[in-house]
Amino acid sequence: MAGPSVVALAGGVGGAKLAEGLQARLGDRLAVIVNTADDSERHGLLVMPDHDTVMYTLAGIEQAGLGWGVEGDTHGVMTQLGAYGEPMWFSLGDRDLALHIVRTAAVRSGRRPTEACLAAQRALGIAARILPMSDARVATEVQTDDGWLEFQEYFVHRRQAPEVRGLRLDGIAAAAPTPEVVAALAAAEAIIIGPSNPLVSIGPILAVPGMRALLAAARARGARTAGVSPIVGGRALKGPADRMLASLGHESSALGVARLYADLVDVFVLDEVDAALAPAVEALGLRALVTDTVMTDDATRERLAATVLAAVRVA
Ligand code: FO1
């Protein structure tokens, strides 16, 4: 497809749903920059949850409801790993493991994680490109009353129960946007920050040294930008974003998220439930777009995508 190209920034499930709606309208004109700070090595294999959630969603094979993993997957390997005394709390399906096997082999043979991810996307017939924010290792660590935890220990093993007292990104100083990310942002007519966790999904992307400068250069060149609130009525639709915003001193509301994106976007999209916050969002110098942002199926994913694309003047 010819025509304007769009770059979306996404983390887990919420951003993946909007990305699917955007892909339905844009096809190969869409690139999705994904967070890699949730990545970890499990059983000796590289697992990239936010990339993989977006990839399976764009391929239409994600586990409905959960958003991660492959629909209908089996867990024979996981069960046998348990028999060998391996930890079982991070559950990897058999089909999911196939991805981790081929990607880990590619990286061990010298390919960049981005190259391995793009090869898997092509194999699944995905039109859009899903671009890891960096090929360097970056790992979110979460400070709790029990000390610093690696991200999946907090998110999965402890089921996000601990209060988050602080966050840090191990390895971020040595990270850089990949050449594919640089090229996508240089060509973007519009940039959309998806409804993902602003602190641990969008935050790491923005924290990659040079990333904010690339976004600023795109805007200076005329790219239109929008951000979509992941908080509706003060609550996250999925995950710990609301509690994390509060425990880290931000307002757990669409306005609290708008403040985090105020220097990055022209338009801020918030749900009808939060219409009363629109004037305060506009007082930040943003255009507030009030719409139904809750995506329950393919039709609502595409409708929100169409609404956001209209707001950034991309047909
Ligand atoms: N989340 C869970 O709550 N429990 C799991 O067992 C689990 C396994 C898993 C395996 C592969 C993968 O890509 C994601 C997985 N997730 C699981 C979700 C993952 O922790 C989150 O999607 C991200 O890290 C946060 O966006």
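Ligands are counted one by one from 1 in listed order, and the atoms in each one are counted from 1 as well.
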List, one per line, each side-chain donor-acceptor pair under 3.5 Å for residues 185-206, sequence neighbours excluded.
from, atom 1, to, atom 2, distance (Å)
Ser196, OG, Gly11, N, 2.9
Ser196, OG, Gly15, N, 3.2
Asn197, OD1, Leu199, N, 2.8
Asn197, OD1, Val200, N, 3.1

Check: What pairs of residues pass the salt bridge (Lys or Arg N to Asp or Glu O under 4.0 Å) test when at least one of them lies in residues 58-79, not counting sequence neighbours?
Finding: Glu62-Arg301
Notebook entry, point to check: Is Asp298 paired with Lys17 through a side-chain N to carboxylate O contact shorter than 4.0 Å?
Noted result: no
Notebook entry, point to check: Would you call Arg129 and Asp28 a salt bridge, using N to O less than 4.0 angstrom?
Noted result: no
Item checked: Cationic N near anionic O, under 4.0 Å, Arg25 to Glu20 -> no
Table please: side-chain donor-acceptor pairs of residues 225-234 below 3.5 Å, with sequence neighbours left out.
from, atom 1, to, atom 2, distance (Å)
Thr225, OG1, Arg219, NE, 3.4
Thr225, OG1, Leu264, O, 3.2
Thr225, OG1, Asp266, N, 2.9
Thr225, OG1, Asp266, OD2, 3.2
Ser229, OG, Ile231, N, 3.0
Ser229, OG, Ile231, O, 2.8

Next item on the list: Mind jotting down which protein residues get a heavy-atom contact under 4.0 Å with ligand 1? Chain and number order, please.
Entry: Gly12, Asp38, Pro49, Asp50, Trp68, Trp89, Phe90, Ser91, Leu92, Asp96, Phe151, Gln152, Phe155, Val156
